[in-house]
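Working notes for the structure below.
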Amino acid sequence: MIDLGKYAFAVVASYGVSLALLGGLIWQTVAANARARRALEDHEKGKKNG
Amino acid sequence: MRHLAVHDLSVSRGGLRAVEGVSFTLDAGEALILRGPNGIGKTTLLRCIAGLQAPVAGRIDAAEDSVAYAAHADGLKPALSVAENLTFWSRIFGGKPIEPALAAMDLTALSDRPAGALSAGQKRRLGLARLLVTGRPLWVLDEPTVSLDAASVTAFGVVIRAHLALGGAALMATHIDLGLSEARVLDLTPHRAQPGAVARPASFNEAFA
Amino acid sequence: MSIWEYANPAKFMRTTDRLLPWVVGGAVLLSVTGVVWGFLTPDDFRQGSTVKIVFLHVPAAMMAINIWVMMLVASLIWIIRRHHVSALAAKAAAPIGAVMTLIALATGALWGQPMWGTWWEWDPRLTSFLILFLFYLGYIALWAAIDDPDSAADLTGVLCLVGSVFALLSRYAVLFWNQGLHQGASLSVQSGERMSHVYRYPLYTAMVGFGLLFLALLLIRTRTEIRRRRLAALQAREMRA
Amino acid sequence: MLALLTRDLRLAVRAGGGFGLGVAFFLILSALVPFGVGPDRAALAPVAPGILWVGALLACLLSLDRIFALDHEDGSLDLLATAPMPLEGAVAVKALAHWITTGLPLVLAAPLFGVLLQLPPVAMPWLVLSLLIGTPALSMLGAFGAALTVGLRRGGLLLSLLVLPLYIPTLIFGAEITRRGAEGAAIVTPLVFQAGITLAVLALIPFAAAAALRVNLR
């Protein structure tokens with residue numbers, strides 16, 4: 001483990017907050033994309049059957 | 001004199017083409033009544049001709065500042081009196097006197113009342129009196145007779161006929177017989193837009209369908 | 001064939017379908033490399049280990065501004081050439097830009113705590129980013145508030161144009177405002193010539209990585225928007241029929 | 001154009017709350033700040049320029065959504081758009097009416113609130129001057145925000161979110177003029193910037209606002 005010295009909190013918190021925000025954005029992007037794709041596929045399938 | 005020529009007009013409502021391929025002309029002294037089921041796009045067509053909305057395709061030929069538009073909302077301020085409301089629109093549109101308009105719509109006795117105190121029919125008559133003070137030759141009317149009683153409908157028919165006699169023209173969407181036997185009727189039902197691919201999408205709903 | 005072919009939704013979907021794996025791969029590779037590499041750099045003799053924050057702070061700040069510029073360009077393309085995908089791309093970019101601005105602000109504040117002794121300093125640069133964040137919020141909120149997609153695209157486009165001018169204006173106003181009271185910014189890290197190679201290469205890697213990350217997210221989000229629009233368009237057509 | 005101005009002013013007088021509401025809000029704010037900050041002259045005087053300017057901004061914000069909303073509801077806006085007057089002109093006139101009913105009373109009443117907040121007397125003329133130059137820009141930018149949100153049901157909150165960031169440059173320079181006036185420092189630079197922003201806003205924003213209105217009318 002690398003030694004971050006007296007600024008450990010600032011560095012770890014920076015990386016933590018940034019990665020959490022980016023992770024949240026990526027998760028939301030992928031989830032919304034999957035949802036939109038599924039909704040559209042369901043709609044087009046439903047039209048063919050009905 | 002020709003007041004309006006519409007060539008192959010298509011209009012869209014809610015991002016979808018409503019009616020397409022509409023063509024007609026309107027000369028001085030002529031009245032045209034648009035018919036068609038609810039939701040076919042009569043209001044949208046009239047708003048296009050009034051210049052409030054751009055058509056999707058086709059051409060509208062009308063002289064600049066020749067259209068007086070009247071719709072469901074009358075543009076009245078309840079805090080102002082009848083005369084003040086009318087004077088305002090008269091000054092905005094170029095200053096024709098308001099007395100003949102008040103007399104024509106039988107509002108002279110009410111001229112000092114605040115517009116907020118008028119009945120629905122009286123408000124409607126005031127909204128139509130505004131057409132007279134604009135001094136514009138082409139009236140574009142969207143359901144002009146809503147909330148008018150039979151006597152007022154007749155009076156309004158007389159006003160329109162007088163306007164036509166002076167060389168004006170009127171384009172109306174209405175379900176009610178105004179007693180204008182000379183008016184032509186255009187049924188929009190055959191012009192209902194057919195869904196299908198379009199060359200230049202005019203809206204999101206067309207671009208992505 | 002012109003570049004505007006890509007503004008056709010179907011064409012856009014086909015092209016990005018092929019492109020996306022490469023962009024995502026590059027984004028993951030370079031941003032992870034840059035950030036990890038940055039985390040492993042040795043401490044700076046003056047700033048100690050806080051120098052590691054630079055590898056998040058600077059790329060995020062750079063993207064925060066670039067994404068707004070991209071939105072401005074996309075809005076102009078929509079307003080002038082009426083390409084629907086362009087308007088949707090501007091819409092898709094805004095949340096990414098807002099998150100980037102937030103990262104720049106958060107890392108700036110965390111960095112400022114040990115350096116300046118306070119969580120928040122009304123430093124001109126930090127303040128400008130706060131204002132930029134407000135502009136992002138307004139833009140996103142306006143898109144969300146309007147139901148009709150055509151009106152929403154037009155109105156947000158106008159807002160983006162006016163907002164760009166005022167964001168720039170605010171930047172200079174803030175500079176004026178703060179210099180009137182305090183000394184200039186306490187530290188500046190963007191002067192690359194002062195930096196040694198140890199920091200420069202991981203920083204460049206992280207910057208390119210963040211750029212690719214934005215591109216990947218933008219493409220995915222634009223595809224999401226296109227699918228949503230298509231669904232709405234199909235439903236609208238069925239309602240009418 | 002004059003007809004539209006007199007009508008809007010007359011409506012503001014008759015409908016009640018047009019005139020004076022902003023000033024009353026300003027008064028309440030000026031009365032509340034000492035409760036928060038403390039009655040000490042030494043504590044109030046330094047923050048007075050900022051508080052007064054922020055107060056003016058918020059007071060102006062209160063009545064923004066009325067610029068177009070009522071005319072949109074009753075159809076007047078449709079009719080104005082078909083009138084011979086360009087829509088840009090109508091926007092400018094309506095912003096002017098908003099300024100006369102909200103901005104001008106604030107400018108005139110500002111010295112009184114300056115006294116309440118212990119603003120040094122030497123700064124009073126500068127406060128009034130900065131408000132006189134700055135508030136027209138606030139009304140015009142507000143008209144732009146109102147034009148963007150006119151068709152929306154819950155536009156009020158969104159309007160604040162859109163308009164307040166646009167107010168930042170005007171706020172900065174306006175408060176700076178007053179602050180420098182209180183300290184007896186050189187005034188010219190912020191004054192020139194303030195005037196420049198207002199002139200640019202008055203010249204260009206009507207076009208953006210009219211474009212937004214046209215979108216909302218179709």
Side-chain angles (χ1 to χ4, degrees), chain A, chain C residues 24 27-28 31 35-36 38-44 47-57 59-60 92 95-96 98-115 210 213-214 216-232 234-235 238:
Chain A
M1 191 64 202
I2 39 175
D3 180 26
L4 294 171
K6 57 180 172 170
Y7 301 131
F9 173 75
V11 175
V12 171
S14 288
Y15 274 75
V17 169
S18 303
L19 296 183
L21 281 171
L22 279 180
L25 177 70
I26 292 169
W27 180 80
Q28 190 271 338
T29 302
V30 172
N33 189 45
R35 213 167 33 237
R37 187 211 309 258
R38 218 174 310 122
L40 189 58
E41 278 169 0
D42 285 353
H43 183 86
E44 284 176 343
K45 213 180 292 160
K47 206 166 54 182
K48 268 173 211 139
N49 295 343
Chain C
V24 169
V28 169
S31 51
V35 169
V36 171
F39 192 75
L40 297 176
T41 49
D43 291 1
D44 183 71
Q47 300 179 25
S49 60
T50 57
V51 74
K52 297 178 198 302
I53 299 176
V54 89
F55 305 101
L56 293 166
H57 181 72
I96 314 176
V99 168
M100 288 294 176
T101 317
L102 210 52
I103 291 176
L105 281 172
T107 52
L110 285 164
W111 198 352
Q113 209 283 323
M115 288 295 117
F210 269 55
L213 184 65
F214 163 64
L217 287 171
L218 175 69
L219 291 181
I220 298 175
R221 295 185 78 92
T222 310
R223 287 164 65 86
T224 307
E225 291 298 333
I226 288 177
R227 288 198 170 109
R228 281 192 187 146
R229 279 289 104 227
R230 178 160 168 79
L231 182 60
L234 292 175
Q235 282 168 345
E238 278 161 29

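Sequence lines set the chain letters: A, B, ... in the order given, protein chains first and strands last, and positions in each chain run from 1.
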Please enumerate all residues that pass side chain to side chain contact (heavy atoms under 4.5 Å, CB included) together with C:Ala60, with sequence neighbours excluded.
C:Met100, C:Ile103, C:Ala104, C:Phe210
State which residues pass side chain to side chain donor-acceptor pair (under 3.5 Å) with C:Arg227; sequence neighbours excluded, sorted by chain then number.
A:Asn33
Can any side-chain N or O of A:Ser18 pair as donor or acceptor with the backbone N or O of A:Tyr15 at less than 3.5 Å?
no
Most contact-rich option vs chain C, by heavy-atom pairs under 4.5 angstrom, among A:Val17, A:Leu22, A:Leu19, is A:Leu22
For a 4.5 angstrom cut-off between non-hydrogen side-chain atoms, does A:Leu21 reach A:Leu25?
no
Would you mind checking which part of C:Ile96 comes under 4.5 Å of any heavy atom in chain A, side chain (CB onward), backbone (N, CA, C, O), both or neither?
both
Measure A:Phe9 against the heavy atoms of chain C and call it side chain, backbone, both or neither at under 4.5 Å.
side chain
Heavy-atom contact with chain C under 4.5 Å, split by part of A:Val11:
both
